[in-house]
Amino acid sequence: MNRSLTVRSGESTEQLEPGTTAVQALKALEAIRGQIVAATVRTDGGEPHVWDLDRPLPTTEAPIDLGVVEAASEEGRAILRHSTAHLMAQAVTDLFPGAKWAIGPPIEDGFYYDFDVARPFTPEDLEAIEARMVELAREKQRFVREVVAREDALEEFAEQPYKVEIIELVDAGTIVSSVDVGGPTAEDEEGLDAPDGPTFTVYRNVRVDGEVAWSDLCRGPHVPSVDRIPAFKLLRSAGAYWRGREDQPMLQRIYGTAWESKKALTAHLEMLEEAKKRDHRKLGRELELTTSPDELGPGLSIFLPAGAIVRQQMEDWIRHETLARGYQPVYTPHIAKEDLWRISGHLENYGELMYPGMDLDDGAAAYRLKPMNCPFHILAFTSRTRSYRELPVRISELGTVYRYERSGVVNGMLRARGFTQDDSHIFCRDDQVVDEVADCVEFARDLYRTFGLGEPSRVAISTRPEKSMAGNDEGWAAAEQALVDAVERTGLPYELDPGEGAFYGPKIDIHAKDAIGREWQLTTVQIDFNLPERFDISYIGADGDKHRPYMVHRALFGSIERFFAVMVESFNGAFPTWLAPEQVRVVPVAADFLAYADEVATALRAQQVRVEVDASDDTLGAKIRSAQTSKVPHTLVVGGSEAEARTVAVRPYRGDQRKDVALEDFVTEVVAEIAERRTHLEDA
RNA sequence: GCCGAGGUAGCUCAGUUGGCUAGAGCAGCCGCCUUGUAAGCGGCAGGUCAGGGGUUCGAAUCCCCUCCUCGGCUCCA
């Protein structure tokens, strides 16, 4: 056929020969700007497909709209990283003959590839693999896409059991075509590849002389050749279960990262270093905020006086706010009879995460440490008959819970075995649930703003999982809709996580980004169908009948300990003044001025400012240094001239020094700063 | 729980192929020194080298077990 292709990009249109590749067309259209890794192809106004630059355009009568994928975009980096994963797998194949390959997708900030090898990789292996990758990249092998029939793919990868399994999983419909799998794609369905029966795509690394060096089942797309990966680095290896399932073999995973430039890679590696420096365990030790001695046990921490003050500010804020928003405080025990946990279903559904029972001598009763506060709050609710008139009832507590987390998952205060939830359970009528949930989300927003985290970075609504054990279809649908309605009312963008809800109800998870761009899951708002049923709770409606209330569970900090750790890392230990354990340090330039230093401290202390005087016999330089390394927000240097004029020299932790500030003025300033809960995250 | 890497003084780290009473800096304590914005000087004290077992003439060092920490997997606030 002697047809021609019509290609368009922006204002320009060209007629080209069939078989023209994407990059050739883009050149003809003069549509290439900057560094690109792939094209986008759209026909008939349909969805755009990412397209290999060297892949011939589809043969179609309709005009093709072409676009580019820039290297310095999330989509572009994913393509770079995916290509780097292939390059790494090729290097591993070279160095470890007989290695079996599983999957190697791009992930946030990098990529990984899983291998089945005779022995785990060592750090030296990673160096060797990376060196081999550099060599291979110099060979300028091209990535060549090929569509193969299912049978041919099975034959080609007969020695690769995981690839065979992937093909079979695609057959079974267990997985649909993903980045790791060259299974049937939307393109095939649209006839762009004119397949004859089920097909898979294979990407071949082809040497300059045309010899095929390595091939992998893959959906693509990829960069045109391996030397087009500007910067990459292997980071670490770790075990990972095949298909993420514990009953499957453990493979060896290598993590790496790749970027559009050396500069971007360096910036990323520096961010990782920075994150390491800010680790809450390290800063907790250095600033004497917390301690986790081995004698205490894994996943448990002690808040030292300085950390306890920070925590108290957090708790004071949430206590005040919950009261102001109509919550009712309760206190509940740390243990309860095992029967309570049987009724609640925790023993059945959560038993593995509960500490073992405490059996009493007479055997009459066994007790359990609480992994959640909900049953207690239910008992608070059922302590008397409830009327529809008093709903919503909002029961609130800073409740410390204990969960026997598996040994490998414990991680400082971010994943602990004992932690405190700012836990509330709201019992309300059907017509109140949207209001209540929306209020919770707004409450969380206030929290993030107050603690310097800005707006939520992500709101995810998780819907009914397969394993759901409570509620009925209508109930779930209504509850999911209520969550959506509530979030929409707040105006926050959200995404749906289908099937990710808890077994007892759907939930909203809210995330926030810290000062160095890391995202943390903090707030959770969940609807619980399970406990109201199990405890058969009710209220008396206007009709005189019993009705089942909705039960909304919410924890805004999530866990006080986790949030505390996020605060430490986000502020890099340099808390805003209102949170800082020590808000002001008074440094006399010499012992003669201790008396005035004490006067200054007394004036501040009278306004509830947390202030210390450095009465050591260190030199002035050493005292300044000590105040700086302790990250005290304000250091006041006082000597003869200050004592005489009743002023202070102010040296903030960040910002410029100011001399001859009247003591009264400084007190007023710092009191206002604290009262307003000013933060300074932008330059933390 | 699984895979890997680790555990030397309160902290950060040295410690050679197994070989003298295991070292340093910081922090601590004692003393000296005392006026201007990130470390003044000297001394003292501090370790059952995570714990237990083994190999050896001899173990921080080699082997085994346990505990703990870190990075992942799975799970999760």
Side-chain angles (χ1 to χ4, degrees), chain A residues 112 114 117 119-123 125-126 235-255 272 276 279 281-282 285-286 288 291-299 350 352-353 371-373 399 401 403-423 500 502 507 509-510 520-524 526 553-563 565-566 587-594 616-630 635-643 649-651 653 656-657 659:
Chain A
Y112 67 79
D114 287 346
V117 281
R119 62 164 177 82
F121 296 111
T122 64
D125 290 338
L126 292 199
L235 297 174
R236 66 178 72 89
S237 65
Y241 299 110
W242 166 233
R243 297 177 60 203
R245 284 171 28 182
E246 286 181 79
D247 59 350
Q248 297 287 329
M250 181 157 276
L251 307 174
Q252 295 304 316
R253 172 172 299 179
I254 300 177
Y255 284 95
L272 293 180
K276 219 167 157 186
D279 190 295
R281 290 161 291 209
K282 180 175 137 70
R285 244 196 325 271
E286 289 172 1
E288 296 184 34
T291 183
S292 305
D294 287 353
E295 302 91 297
L296 205 54
Y350 211 75
E352 279 181 18
L353 279 165
M372 292 189 190
N373 302 300
V401 297
R403 299 181 185 174
Y404 189 73
E405 298 283 357
R406 297 163 90 188
S407 62
V409 308
V410 173
N411 180 268
M413 305 182 91
L414 297 171
R415 187 76 181 273
R417 281 185 173 165
F419 61 96
T420 305
Q421 296 177 306
D422 61 311
D423 207 359
E500 290 299 309
K507 61 174 182 174
D509 287 324
I510 309 181
W520 304 91
Q521 204 252 286
L522 301 167
T523 301
T524 186
Q526 314 181 339
H553 158 84
R554 47 106 295 189
L556 303 183
F557 283 120
S559 133
I560 301 282
E561 286 80 356
R562 172 182 288 180
F563 199 94
V566 171
V587 174
V589 299
D592 289 350
F593 307 104
L594 257 177
S616 71
D617 58 1
D618 285 335
T619 58
L620 178 62
K623 285 188 277 198
I624 297 285
R625 179 169 194 274
S626 156
Q628 288 292 121
T629 54
S630 304
T635 300
L636 303 182
V637 179
V638 294
S641 51
E642 286 82 5
V650 184
R651 181 187 172 116
Y653 178 73
D656 299 325
Q657 297 175 38
K659 296 204 169 173

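Atoms considered below: every heavy atom in the structure, side chains included; atoms not considered: hydrogens, waters and symmetry mates. Within every chain, numbering begins at 1; the chains are lettered A, B, ... in the order of the sequence lines, protein sequences first and strands thereafter. Everything numeric here is computed off the predicted structure, so don't read it as measured data.
To the nearest 0.5 Å, the span separating CZ on R417(A) from CD on E405(A) amounts to 7.5 Å.
Counting only distance, with no hydrogens or angles, the side chain of Q521(A) and the backbone of T523(A) share a donor-acceptor pair below 3.5 Å. Within the 3.5 Å criterion, the main-chain N or O of P588(A) finds a donor-acceptor partner in the side chain of K623(A). R236(A) places no side-chain N or O within 3.5 Å of a backbone atom of Y255(A) that could act as its donor or acceptor partner. S626(A) places no side-chain N or O within 3.5 Å of a backbone atom of A622(A) that could act as its donor or acceptor partner. No donor-acceptor distance shorter than 3.5 angstrom exists from the side chain of R253(A) to the backbone of Y241(A), with no hydrogens or angles considered.
In this structure rC49(B) sits in no base pair that meets the Watson-Crick or G-U test at under 3.5 Å. Of all nucleotides present, only rC44(B) satisfies the Watson-Crick or G-U wobble test against rG28(B), with each distance under 3.5 Å. Using Watson-Crick or G-U wobble geometry with both donor-acceptor distances under 3.5 Å, rG6(B) finds its partner in rC68(B). Look at rU34(B): it lacks any Watson-Crick or wobble partner with both distances under 3.5 angstrom. The partner of rC73(B), taking Watson-Crick or G-U wobble pairs whose two distances both stay under 3.5 Å, is rG1(B).
Distance noted for atom C1' between rG1(B) and rG23(B): 40 Å (whole Å). The same atom, P, is picked in rA39(B) and in rG47(B); the two are 32 Å apart, to the nearest Å. The gap from the P atom of rU48(B) to that of rA5(B) amounts to 28 Å, rounded to the nearest Å. Comparing rG19(B) with rC63(B), their P atoms are spaced 15 Å from each other, to the whole Å. One C1' atom belongs to rU56(B), the other to rC62(B), and the distance between them is 10 Å to the nearest Å. Nucleotides rC64(B) and rC70(B) have their C1' atoms positioned 23 Å apart, rounded to a whole Å. Taking atom P in both rG52(B) and rU61(B), the straight-line distance is 12 Å, to the nearest Å. A gap of 48 Å separates the C1' atoms of rG4(B) and rG40(B), to the nearest Å.
Considering only heavy atoms from C-beta on, I254(A) stays 4.5 Å or farther from Q252(A) through its side chain. The shortest distance between side-chain heavy atoms of Q628(A) and R651(A) falls below 4.5 Å. For the pair R554(A) and D422(A), the minimum side-chain heavy-atom distance is below 4.5 Å. In this structure the side chain of Y350(A) reaches within 4.5 angstrom of the side chain of M372(A), judged on heavy atoms. The shortest distance between side-chain heavy atoms of R625(A) and T619(A) does not fall below 4.5 Å.
Exactly one of V401(A), L414(A), I560(A) qualifies for a side chain to side chain contact (heavy atoms under 4.5 Å, CB included) with F419(A). That residue is V401(A).
One atom, CD of Q252(A), and another, P of rC2(B), lie 15 Å apart when rounded to the nearest Å. Between E288(A) atom CD and rG28(B) atom P the separation is 10 Å, expressed in whole Å.
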Exercise. Which letters describe nucleotides 30-37 of chain B, given B = protein heavy atom under 4.0 Å from base, S = only from sugar-phosphate, - = neither?
Worked result: --BBSBBB
Exercise. How does protein reach along nucleotides 67-77 of chain B, written 5' to 3' as B (base within reach of a heavy atom under 4.0 Å), S (only sugar-phosphate), or - (no contact)?
Worked result: -SSSBBBBBBB
Show the distances under 3.5 angstrom between N or O atoms of the protein and N or O atoms of nucleotides 10-12 of chain B.
unit_1  : atom_1 : unit_2  : atom_2 : d
rU12(B) : OP1    : R285(A) : NH2    : 3.1

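Across all strands, A622(A) comes closer than 4.0 Å only to sugar-phosphate atoms, never to a base (heavy-atom distances). Using a 4.0 Å heavy-atom cutoff across all strands shown, T629(A) reaches at least one base atom of the nucleic acid.
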